[in-house]
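Source: prediction; values computed, not measured.
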Amino acid sequence: MTTKTTCAEFVQFFRSWVSDPMRVAAIAPSGERLARLMTQEIEALDGPILELGPGTGVFTRALKERGVPESDLTLIEFGEEFAARLRGRFPEARVVQMDAAQLAQCGLFADAPFGAVVSGLPLLSMSPDKIAAIVGGAFATMRSGGAFYQFTYGPRCPVSRSILNRLGLKAERIGGTMRNIPPAGVYRISRRKPLEISIDRSRYHDRKEDAGIAAYAAETGAADVNRREAGA
């Protein structure tokens, strides 16, 4: 199986975009080259893996091609139409239909912290509070050393510097591709080391402080939790 988008997936994605362009935020699913960039640093031993906004499953298939067992994948999808198809395409994966901004509040993932998070969510169309809730909630469920991978159609990281500083995180661009509709860049977001935080006087969050990340994520997401999103 390849990461290439089928005609049926394109039609489904395009119809979802027509019905709710603010939620879907792109007219076509992510392409094969972008899927490879998003998953190039993830190995089978990094599992379990959390995917936010999987949409048609383009990144999900790429993760499987990287050797990640389907049973190690948890897929968070808000859209009912996408969630139903994901359950059929990836029967061994855990598919949860919910708003990704509720990650810190739902209590579903406390027993098995994730090694990495892959996000196909259109953060550029979301409010700062919702972005903080999603990213903070993701890191509250992620083990030490894990990373959050996010693509964007914009010229810079879609998670602002102020949010990164508040959560004790840093972002690095790891690649981009013009062979996507539209062209996209990929960022790796990770926890900062104590020395890095002391230099810019920001607060550092380690495993002991993950409860603080979760609390901040829950607080910032509470007023904005009803805004919808869709995935890759």
Side-chain angles (χ1 to χ4, degrees), residues 3 30-55 58-68 72-76 100 103 109 113-124 126 128 131-180 183-197 199-200 202-207 209-210 213 217 229 231-232:
T3 57
S30 300
E32 179 180 8
R33 185 66 179 271
L34 178 56
R36 289 177 178 173
L37 281 173
M38 283 286 286
T39 60
Q40 66 182 348
E41 296 185 349
I42 297 177
E43 305 290 344
L45 295 178
D46 292 329
I49 306 296
L50 177 64
E51 185 178 356
L52 307 179
V58 176
F59 297 160
T60 314
R61 291 196 293 269
L63 286 168
K64 291 183 62 179
E65 290 177 6
R66 293 289 300 168
V68 179
D72 276 355
L73 297 174
T74 294
L75 314 179
I76 303 297
L103 281 172
F109 316 112
F114 297 100
V117 175
V118 174
S119 171
L121 297 174
L123 298 188
L124 289 177
M126 300 179 187
I131 293 172
I134 291 170
V135 177
F139 274 92
T141 68
M142 199 187 315
R143 62 178 179 254
S144 179
F148 183 108
Y149 296 91
Q150 176 70 50
F151 79 90
T152 182
Y153 300 133
R156 59 183 62 87
C157 181
V159 183
S160 69
R161 183 176 296 275
S162 62
I163 293 175
L164 292 171
N165 288 342
R166 177 63 181 84
L167 294 175
L169 305 174
K170 62 180 179 180
E172 180 180 356
R173 191 177 189 273
I174 61 172
T177 177
M178 299 297 292
R179 298 174 62 182
N180 193 74
V186 176
Y187 286 83
R188 181 207 309 118
I189 301 173
S190 57
R191 292 178 174 91
R192 294 182 182 179
K193 298 178 181 179
L195 180 60
E196 293 175 305
I197 297 304
I199 291 175
D200 67 9
S202 299
R203 183 180 178 188
Y204 172 66
H205 294 278
D206 57 16
R207 287 179 64 85
E209 291 180 306
D210 277 350
I213 291 182
E229 78 281 329

Enquirer: Assess the residue pair Phe148 and Leu169 against the criterion (side chain to side chain contact (heavy atoms under 4.5 Å, CB included)); give the C-alpha distance rounded to whole Å, side-chain angles, the decisive distance to 0.1 Å, and a yes or no.
Expert: CA-CA 10 Å; Phe148 183 108; Leu169 305 174; over 6 Å; no
Enquirer: Can you find a pair of side-chain heavy atoms, one from Met38 and one from Val58, that are under 4.5 Å apart?
Expert: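 Side-chain contact under 4.5 Å: no.
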Enquirer: Can you tell me how far apart CD1 (Ile189) and CG (Leu164) are? Round to the nearest 0.5 Å.
Expert: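 Going from the CD1 atom of Ile189 to the CG atom of Leu164 covers 5.5 Å.
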Enquirer: Does any non-hydrogen side-chain atom of Glu41 lie less than 4.5 Å from one of Asp46?
Expert: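 The answer is no; the side chains never approach within 4.5 Å.
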Enquirer: Go through the steps to decide whether Phe139 and Leu167 satisfy the test side chain to side chain contact (heavy atoms under 4.5 Å, CB included), and finish with yes or no.
Expert: CA-CA 9 Å; Phe139 274 92; Leu167 294 175; 5.9 Å; no
Enquirer: Kindly indicate whether the side chain of Ser119, heavy atoms from C-beta on, has any atom under 4.5 Å from the side chain of Ile134.
Expert: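 No. Closest side-chain heavy atoms not under 4.5 Å.
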Enquirer: Any heavy-atom pair between the side chains of Thr177 and Arg36 that's under 4.5 Å?
Expert: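 They are not in side-chain contact.
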Enquirer: Just so I know, are the side chains of Arg173 and Val186 near enough to count as touching, which here means a heavy-atom distance under 4.5 Å?
Expert: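 Side-chain contact under 4.5 Å: no.
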Enquirer: Could you tell me whether the side chain of Leu52 reaches within less than 4.5 Å of the side chain of Leu103, counting heavy atoms only?
Expert: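 Yes, at least one pair of side-chain atoms sits under 4.5 Å.
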Enquirer: Distance from Arg188 atom CZ to Glu172 atom CD, nearest 0.5 Å?
Expert: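 The distance works out to 4.5 Å.
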Enquirer: Show the nearest heavy-atom pair for residues Thr39 and Ala62, with the distance to one decimal.
Expert: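 Scanning both residues, the minimum pair turns out to be OG1-CB, 3.7 Å.
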Enquirer: I need the Thr60 OG1 to Ile49 CD1 distance, nearest 0.5 Å.
Expert: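 Result: 11.5 Å between the selected atoms.
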Enquirer: What I'd like to find out is whether the side chain of Leu73 reaches to under 4.5 Å of the side chain of Glu51, using heavy atoms alone.
Expert: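 No; the side chains remain at least 4.5 Å from each other.
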Enquirer: Looking at CG of Leu124 and OH of Tyr153, how far apart are the two atoms once the value is rounded to the nearest 0.5 Å?
Expert: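 Reported to 0.5 Å precision, the distance equals 9.5 Å.
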Enquirer: Would you call the rings of Phe59 and Phe151 parallel, tilted or perpendicular, where under 30° means parallel and over 60° means perpendicular?
Expert: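 Rings of Phe59 and Phe151: perpendicular, over 60°.
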Enquirer: Would you call Val159 and Leu123 a side-chain contact if the rule is heavy atoms closer than 4.5 Å?
Expert: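 Result yes, sub-4.5 Å side-chain heavy-atom pair found.
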Enquirer: Please name all residues satisfying side chain to side chain contact (heavy atoms under 4.5 Å, CB included) with Arg161, sequence neighbours left out, ordered by chain then number.
Expert: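 Scan of Arg161 (side chain to side chain contact (heavy atoms under 4.5 Å, CB included), adjacent residues dropped) gives Asn165.
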